[in-house]
Amino acid sequence: MAITELPKNYDAASAEKDIYRRWEESGYFNPDNLPRQDGDPFTIMMPPPNVTGVLHAGHAMFLTIQDIFIRHARMQGKRTLWLPGTDHAAIATQAKVEKEISKKEKKSRHDLGREELLRRVNEFALASQSTILSQMRAMGSSCDWSRLAYTLDETRSRAVNEAFKRLHGLGLIYRGHRIVNWDPKGQTTISDDEIVYQEEKTTFYYFRYGPFVIGTARPETKFGDKYVVVHPDDPRYAQYAHGQKLTVEWINGPIEATVIKDNAIDMEFGTGAMTITPWHSTADFDIAERHGLDKEQIIDERGKLLDIAGEFTGMKIAEARPKIVEKLRAKGLVVKEEEYVHQIATAERTGGIVEPQIKLQWFIAVNQPFTLEQSAIPGIASGQEITLKQLMQHVVRDGHIRIVPDRFANNYFHWIDNLRDWCISRQIWFGHRVPVWYRGDELAAGDEPSGDGWTQDPDTLDTWFSSGLWTFSTLGWPDETPDLRTFHPTDVMETAYEILFFWVARMILMTGALLGDVPFRTVYLHGLVRDEKRAKLSKSKSDSADPLDLIGQYGTDALRMALIFNTSPGTDSILSNEKIKGMKHFANKLWNIARYVLANVPSMDSGAGTPDPATDADRAILAKLDETVGAMSEDLEAFRIHEAAQRVYQFAWHEFADIYLEASKSQLDDIATAGSTRNILAYCLDRMLRLLHPFMPFVTEELWGRIHGTDDPAKLLMVQSWPAASR
RNA sequence: GCGCCCUUAGCUCAGUGGUAGAGCACUGCAUUCACAUUGCAGGUGUCGCAGGUUCAAAUCCUGCAGGGCGCACCA
């Protein structure tokens, strides 16, 4: 090959589109089409991005890391499946579309009706999805588009209904009146994990309550408080007996109060006495449950006071609070006021201040023993009784699932320790409808029953319910498909550490309960990508770097390398233009290495073995190459992709180009060494292209094609073998 | 309150028992010869502080200081 055929510089933009097309047309993204069918399967389920948005740096990060794992496995001869998909992201998507409709048409979802809103949301979701999919391609993602899944498509809906039915049958899903997190803004319940705590400065009031002084930051909930709770060992209140009744003057006149003694009281806090509002506080609810106390609703679903508030009925909390305090002050019941800082619960998606409410909802019971009929998990026998909590703890504690970096296992266990039953029903319209039908006293779960008079539950399921099934719903479950047999459990779950609880833990829960297995062997967690000002990169910030712009400016390979270079798993990283630029230079360096080698080596044989060295420089570079191959392979097996990337970078630029390539110039002039030098140049280039391919797939494939031709798909670099170290 | 992490060259960060590393930035020199998206040569550092273990500690242990995060929470 003559040098004139290779331009002086690598032009990423002109190479990338054509190369992706060749990869896609080769069919090799689909494991069924790979040249070798005898390898072990290797599977990654892509974390499905929300259909709400466009690609941001976080997506670029996971697409890069997963593609590295996938391309490496494919070159190792494994039957490699990377299954892509998108998530309907129920609350997030509906909220976005509702907001748009409200802004443009001044209409609410109730003006449109359920059917019309869903039509609009689905329309938006589809359009958004196609954008995201094209952006994934731009990142070079070698995923199997023929198996593309969507959490709300027909196959996944079947899986959801079947999962609900089975869990219900096992007694793990129940319906009950329990205290839940109510988002007055989104008009729906949310799970504990969808809460974000925010610091709030407020006033802490001390009120006279008969002979007691009680403290509160929420006077507006106090109307119904007819129980005063103290610690059984508190000497200050020893004179009052549990169950003793007293008449006390309160907000709207005298009421009968009952003394309750309970260990949950912190004697050190406030006065050591408090009144409870079981309808609007989890802790109070638990106390009321223990003693069989009455519960009464004070605040409605829109955050307004109910009839019990008397003259304050219908007022919003913010309006009522100062007025209530004023009235108590006038009655001489305010003892003192303090500045107070506490954390208030807000809804992650809407920002609404969460109001606990007792509601009839669907839950997954995490402490309920059930019989796991079929278990493939070591240490758990088929037919064994176990709780979901125990199951989730077991698989990680006993190493059946490995978390990388392992320090996140602590977070995982801590989360499980604090885990309460998971509220899975939502009062929004977009999502999987709760698959339950009612008729009279009858209830049918899972499939729509035949016959008249059945009505379906109006609620939808938490989006993480369907996401939790992802590793096997994507493979056709509940059918016993060949895919399910071959590719499950998956090998690696690669995602951001932010969603360890939201998603990773839920997959472990669902897979354990429904398949008696683990969803994956390894969880690899990456950190957040921040910009140079340390702000978290997200789609909501228009000024932050758009991956597509960066690709246009520097090339996909440069962006990929910059994302993972010098970045350790689980640690947040900063993506700077300087770093990407440096990696663009590296791509160009590789290009020119190839340009030099091709100019000096008449033919390249990719099947040639290790060439014989003739000089010290020959021996040194071959030894270094061998060392690099061995160390990189170990790094990749151990998920140290940042180390592997640095090694190959170091070898290509500073060992091969700076040292050997310079030495080769005089060696090529000497007839005694010219032959072996050519062989070594060719050999090193061949190995470097292979080693770099998972990291920089485009430039390596482009060069490979220039060397070996582009006529035969079987000659694509993506399906060539990963180099083996000689020792 | 419980738990986790970070503190290394000007900046951003790797490294986690055996004489300190990368990228970018910086200084000087070179340059028709693969590449200026370059090369060579250079400062680049009490590896947060104080103890301890060890023949040997940036690396392990203890304490302290500063920064960040997760979970929970007291009305």
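Throughout, a chain's letter reflects where its sequence line sits, starting with A, and its residues are numbered from 1.
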Asker: Mind checking ring pair (Phe, Tyr, Trp, His ring centres under 6.0 Å) for A/Y683 and listing every partner two or more places apart, or none if nothing turns up?
Answerer: none

Asker: Would you indicate what A/L500 reaches in the nucleic acid, counting non-hydrogen atoms under 4.0 angstrom: base, sugar-phosphate, or nothing?
Answerer: nothing

Asker: Under 4.0 Å, counting only non-hydrogen atoms across every strand here, what does A/K581 touch: a base, just sugar-phosphate, or nothing?
Answerer: nothing

Asker: At 4.0 Å (heavy atoms only), tell me whether A/N410 reaches a base, stays on the sugar-phosphate, or touches nothing.
Answerer: sugar-phosphate

Asker: Say you pick atom P in B/C47 and the same atom in B/G10; how far apart are they, in whole Å?
Answerer: 12 Å

Asker: Which whole number of Å gives the distance between the C1' atom of B/C4 and that of B/G42?
Answerer: 41 Å

Asker: My understanding is that only residues two or more places apart in sequence, or in another chain, count here; which of them pass side chain to side chain donor-acceptor pair (under 3.5 Å) with A/D294?
Answerer: A/K226

Asker: Dump the pairs, protein N or O against N or O of nucleotides 15-19 of chain B, anything under 3.5 Å, distances to one decimal.
Answerer:
residue : atom : partner : partner atom : Å
B/G15   : OP1  : A/H642  : NE2          : 3.3

Asker: Using a cut-off of 4.0 Å on non-hydrogen atoms, how would the nucleic acid contact of A/T571 be classed: base, sugar-phosphate, or nothing?
Answerer: sugar-phosphate

Asker: Using the salt bridge (charged side-chain N to carboxylate O under 4.0 Å, His left out) criterion, which residues pair with A/K665? Sequence neighbours excluded.
Answerer: A/E662

Asker: Would you say the rings of A/F695 and A/Y649 are close, in the sense that their centroids are separated by under 6.0 Å?
Answerer: no

Asker: Give the rounded distance in Å between these two atoms: CZ of A/R647 and C1' of B/A22.
Answerer: 13 Å

Asker: Expressed in whole Å, how much space separates the P atoms belonging to B/A34 and B/U27?
Answerer: 29 Å

Asker: For A/D406, what residues pass the side chain to side chain donor-acceptor pair (under 3.5 Å) criterion, not counting sequence neighbours?
Answerer: none

Asker: If each of A/Y649 and A/F204 is mapped to the nucleotide of RNA chain B with the nearest heavy atom, which maps nearer the 5' terminus, i.e. the 5' end?
Answerer: A/Y649

Asker: In chain order, what residues pass the side chain to side chain donor-acceptor pair (under 3.5 Å) check against A/N252, with sequence neighbours excluded?
Answerer: A/K327

Asker: Check every strand shown and say whether A/F408 touches a base, only sugar-phosphate, or nothing at a heavy-atom separation below 4.0 Å.
Answerer: nothing

Asker: Taking the nucleotide of RNA chain B with the nearest heavy atom to each, does A/N418 or A/A217 sit closer to the 5' end?
Answerer: A/N418

Asker: Roughly how many Å is it from CZ in A/R407 to C1' in B/C69, rounded to a whole number?
Answerer: 10 Å

Asker: If the C1' atom of B/G1 is compared with that of B/A9, how far apart are they to the nearest Å?
Answerer: 39 Å

Asker: Reading RNA chain B 5' to 3', how would its secondary structure be written in dot-bracket notation, given Watson-Crick and G-U pairs with both distances under 3.5 Å, brackets [ ] for crossing pairs and | for partners on other strands?
Answerer: (((((((..((((....[..)))).(((((.......))))).....(((((..]....))))))))))))....

Asker: Looking at residues at least two apart in the chain, or sitting in another chain, which of them share a salt bridge (charged side-chain N to carboxylate O under 4.0 Å, His left out) with A/K589?
Answerer: none

Asker: Roughly how many Å apart are B/U46 and B/A41, using the P atom of each and rounding to a whole number?
Answerer: 25 Å

Asker: If you go through the side-chain atoms of A/N566, does one of them form a donor-acceptor pair with the base of B/A22 closer than 3.5 Å?
Answerer: yes

Asker: With distance as the sole criterion, is a donor-acceptor pair present between the side chains of A/T556 and A/E16 under 3.5 Å?
Answerer: yes

Asker: Could you work out the separation of B/U38 and B/C5 based on their P atoms and round it to a whole Å?
Answerer: 39 Å

Asker: Polar-atom pairs under 3.5 Å, protein N or O versus N or O of nucleotides 7-11 of chain B: list them with distances, or write none.
Answerer:
none

Asker: Expressed in angstrom and rounded to an integer, what is the separation of A/M274 atom CE from B/A75 atom P?
Answerer: 9 Å

Asker: Would you tabulate the pairs of protein nitrogen or oxygen atoms and nucleotide nitrogen or oxygen atoms of nucleotides 39-41 of chain B closer than 3.5 angstrom?
Answerer:
residue : atom : partner : partner atom : Å
B/G39   : OP1  : A/K589  : NZ           : 3.3
B/G39   : OP1  : A/W653  : NE1          : 2.3

Asker: Specify the separation, in whole Å, of atom CZ of A/F695 and atom C1' of B/A22.
Answerer: 15 Å

Asker: Can you sort out the partners of A/R236 under side chain to side chain contact (heavy atoms under 4.5 Å, CB included), two or more places apart, ordered by chain and number?
Answerer: A/D234, A/M267

Asker: Quick one: side chain to side chain donor-acceptor pair (under 3.5 Å) partners of A/E200, sequence neighbours excluded?
Answerer: A/H342

